[in-house]
Q: 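I'd like to ask you about the structure that follows.
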2 protein chains.
Amino acid sequence: MRLSTQSRYGVRAIFDIAYHSGGLGAQVKDISRRQGISQRYLEQIFQKLRRAGIVGSKRGPSGGYFLSKKPEQITVGEVIRITEGGINPVLCVNPDDSAKPCARSGGCVTQIVWNEAGKRLNDYFDSVTIKDLCQLAKEMGMKKDFDKRFMYYI
Amino acid sequence: MRLSTQSRYGVRAIFDIAYHSGGLGAQVKDISRRQGISQRYLEQIFQKLRRAGIVGSKRGPSGGYFLSKKPEQITVGEVIRITEGGINPVLCVNPDDSAKPCARSGGCVTQIVWNEAGKRLNDYFDSVTIKDLCQLAKEMGMKKDFDKRFMYYI
DNA sequence: CCATTCTTTATAAAAATTGTCAAGATAGTT
DNA sequence: AACTATCTTGACAATTTTTATAAAGAATGG
């Protein structure tokens, strides 16, 4: 039972924007540096997030990605579903994926268990918002690393 | 977030013995046929289950695998942990796996979320026993397919 | 016009999963 | 003792998924 790297990175990226840039937007370059994630790989993940409408983007100098909703309106579950394509523990319980219907559907007791597990997982992930993560980070004393664009050099 | 095939097959195999053979033991050949799982692959999974002590084995004609505990004493969580090697959603929260320590451990807010999710999943899987599955199967009207060894040919 | 940044698509490397093969050990049967 | 059915073990191969990397393109701001 494992969460994909894209999901973990996706949640961290969204959190990073919310925490370090205060919703103003951040560049892939900086997020990459702060989170230690390959820039190219991060770009792929952001495309998914952008198409899903969870972030917006702006090209050119001083461009970047920004949250299109407030941190308290974005849940961890939402980000995971976008980057991972569902939180179901097994494919046969995913109603969307009719391409691979389980042969023993209807006579499969374990399916009921996987289904319930997926439901519980979804419920939990949906109960955690990005704002919650920011609050946690603050309590842990994580330093905010504001973007250099907002700094004045004396 | 997906459960590995070995875990799913493992749970189904244990359930199969409990349901169809009533704890008397069953052969890989029959379990393979009933569950539609490759015989060779199933053998691999049974080795894990045997080493973990959840099933016993007997070689030779009329040999096979049998549960070494009662169905109500075996939980789905137990089987999954054996076949999957832990239910933690991400590696960095697994205390055993110190080989890949997360660089930002201690300063990682998402880790807290993954940890809690894993805990909840474990709790749920531990709350479901093999006997529960058998009861479910009975309620669903699943036919029992007793081993031919116990049949009389007239 | 130019540098910077996102966009898109293709592709490659790595890892994990899934499955197969084959030789051997053990137990029961004849 | 010979024979057969079954588990045992380790090696290995195929497939899929994950995790990236590369490169050409488009938009933006200065």
Side-chain angles (χ1 to χ4, degrees), chain A residues 1-10 12-13 17 21 24-33 35-52 54-66 68 80 83-86 88-91 97 99-100 147-149, chain B residues 1-10 12-13 17 21 24-33 35-52 55-66 68 80 83-86 89-91 97 99-100 147-149:
Chain A
M1 196 77 184
R2 255 194 15 242
L3 214 52
S4 78
T5 308
Q6 289 218 1
S7 288
R8 288 182 284 123
Y9 286 2
R12 272 167 58 193
I17 296 180
S21 301
L24 282 169
Q27 294 177 353
V28 170
K29 195 174 55 178
D30 294 317
I31 301 172
S32 161
R33 174 177 48 80
Q35 297 293 328
I37 300 170
S38 147
Q39 193 169 328
R40 306 267 195 188
Y41 195 37
L42 209 45
E43 279 168 354
Q44 265 185 63
I45 298 168
F46 267 114
Q47 289 313 310
K48 286 190 184 179
L49 296 169
R50 187 182 59 82
R51 288 194 202 100
I54 209 171
V55 300
S57 62
K58 198 180 166 190
R59 290 199 262 205
S62 79
Y65 290 99
F66 52 89
S68 45
I80 294 179
T83 49
E84 186 133 358
N88 292 313
V90 308
L91 291 178
D97 190 13
K100 268 191 179 179
D147 205 294
K148 281 167 189 158
R149 284 178 294 164
Chain B
M1 197 76 184
R2 257 193 16 240
L3 213 52
S4 78
T5 308
Q6 290 219 0
S7 288
R8 287 182 286 123
Y9 286 2
R12 272 166 56 194
I17 297 179
S21 302
L24 282 169
Q27 294 176 354
V28 170
K29 195 175 53 176
D30 293 317
I31 301 171
S32 160
R33 175 178 48 78
Q35 298 293 327
I37 302 170
S38 147
Q39 193 169 328
R40 306 268 194 189
Y41 195 36
L42 210 44
E43 279 167 355
Q44 266 184 61
I45 298 169
F46 267 113
Q47 289 314 309
K48 287 190 183 180
L49 296 170
R50 187 182 59 82
R51 287 193 203 102
V55 299
S57 61
K58 197 181 167 190
R59 292 200 260 202
S62 78
Y65 290 99
F66 52 89
S68 46
I80 294 179
T83 48
E84 186 132 357
V90 307
L91 289 178
D97 190 12
K100 267 191 180 179
D147 205 294
K148 283 166 188 157
R149 285 177 295 164

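Chain naming here is simple, since letters A, B, ... match the order of the sequence lines and numbering starts at 1 in each. Bear in mind that the values here come from a model prediction, so they are computed numbers and not experimental data.
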Q: Look at the side chain of A/Gln44 against the base of D/dA20 and say whether a donor-acceptor pair falls under 3.5 Å; ignore hydrogens and angles.
A: yes

Q: Starting from the C-alpha separation in whole Å, work towards a yes-or-no answer on side chain to side chain contact (heavy atoms under 4.5 Å, CB included) for B/Ile17 and B/Ile31.
A: CA-CA 8 Å; B/Ile17 297 179; B/Ile31 301 171; 3.7 Å; yes

Q: Given atom OH of A/Tyr65 and atom C1' of D/dT28, what is their separation to the nearest angstrom?
A: 14 Å

Q: Ignoring hydrogens, what is the shortest heavy-atom contact between A/Leu3 and A/Arg8? Give both atom names and the distance.
A: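 Minimum heavy-atom contact is O-NE, 3.9 Å.
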
Q: Quickly work out the B/Ile45 CD1 to C/dT20 P distance and round it to whole Å.
A: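 Interatomic distance, CD1 of B/Ile45 to P of C/dT20: 12 Å.
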
Q: Roughly, in whole Å, what's the span from NZ in A/Lys48 to P in D/dA20?
A: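 Distance check: A/Lys48 NZ to D/dA20 P gives 13 Å.
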
Q: Once you round it to whole Å, what is the distance between P of D/dT6 and CZ of B/Arg33?
A: 12 Å

Q: Quick one: does any side-chain atom of B/Gln35 pair with a main-chain N or O of B/Tyr9 as donor and acceptor, under 3.5 Å?
A: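 No: the side chain of B/Gln35 does not pair with the backbone of B/Tyr9.
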
Q: I need the OH-C1' distance between A/Tyr41 and C/dT11, as an integer number of Å.
A: 15 Å

Q: Is B/Ser32 reaching over with its side chain to a backbone N or O of B/Ser38, donor-acceptor style, under 3.5 angstrom?
A: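 Absent.
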
Q: What's the CG-P distance between B/Leu49 and D/dT8, to the nearest Å?
A: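 Interatomic distance, CG of B/Leu49 to P of D/dT8: 12 Å.
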
Q: In whole angstroms, how far is the P atom of D/dC7 from the CD atom of B/Gln27?
A: 5 Å

Q: Distance-only, no hydrogens or angles: does the A/Ser21 side chain make a donor-acceptor pair with backbone N or O of A/Leu24 under 3.5 Å?
A: no

Q: Under 3.5 Å, which donor-acceptor pairs link side chains of residues 41-48 of chain B to any protein atom two or more places apart or in another chain?
A:
{"residue": "B/Gln47", "atom": "OE1", "partner": "B/Arg50", "partner atom": "NE", "Å": "3.2"}
{"residue": "B/Gln47", "atom": "OE1", "partner": "B/Arg50", "partner atom": "NH2", "Å": "3.0"}
{"residue": "B/Gln47", "atom": "NE2", "partner": "B/Tyr65", "partner atom": "OH", "Å": "3.0"}
{"residue": "B/Lys48", "atom": "NZ", "partner": "B/Gln6", "partner atom": "OE1", "Å": "3.1"}
{"residue": "B/Lys48", "atom": "NZ", "partner": "B/Thr83", "partner atom": "O", "Å": "3.2"}

Q: For A/Gln39 and for B/Lys29, find the nucleotide of DNA chain D with the closest heavy atom, then tell me which residue's nucleotide is more 5'.
A: B/Lys29

Q: Sugar-phosphate atoms are those with a prime plus P, OP1 and OP2; base atoms are the rest. Using that split, label each nucleotide of nucleotides 22-30 of chain C B, S or - for protein heavy atoms under 4.0 Å, 5' to 3'.
A: B-BBBBS--

Q: For D/dT9, does either OP1 or OP2 sit under 4.0 Å from a side-chain N or O belonging to B/Gln47?
A: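 For D/dT9, OP1/OP2 do have a side-chain N/O of B/Gln47 under 4.0 Å.
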
Q: Closest to the B/Arg50 side chain: C/dT7, D/dT6, D/dT9?
A: D/dT9

Q: Are A/Ile80 and A/Ser7 close enough, and set up right, to give a side chain to side chain contact (heavy atoms under 4.5 Å, CB included), and what steps lead you there?
A: CA-CA 5 Å; A/Ile80 294 179; A/Ser7 288; 3.8 Å; yes

Q: If you round to the nearest 0.5 Å, how far is CG of A/Leu49 from OG of A/Ser68?
A: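 Between A/Ser68 OG and A/Leu49 CG, I get 9.5 Å after rounding to 0.5 Å.
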
Q: Set out, line by line, the N/O atom pairs under 3.5 Å between protein and nucleotides 12-14 of chain C.
A:
none

Q: Counting side-chain heavy atoms from CB outward, which of C/dT8, D/dA20, D/dT8 is closest to A/Tyr9?
A: D/dA20

Q: In whole Å, I'd like the distance from the CD1 atom of B/Ile31 to the P atom of D/dT6.
A: 12 Å

Q: Would you mind classifying the nucleic acid contact of A/Phe46 as base, sugar-phosphate or nothing, using non-hydrogen atoms under 4.0 angstrom?
A: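 No contact.
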
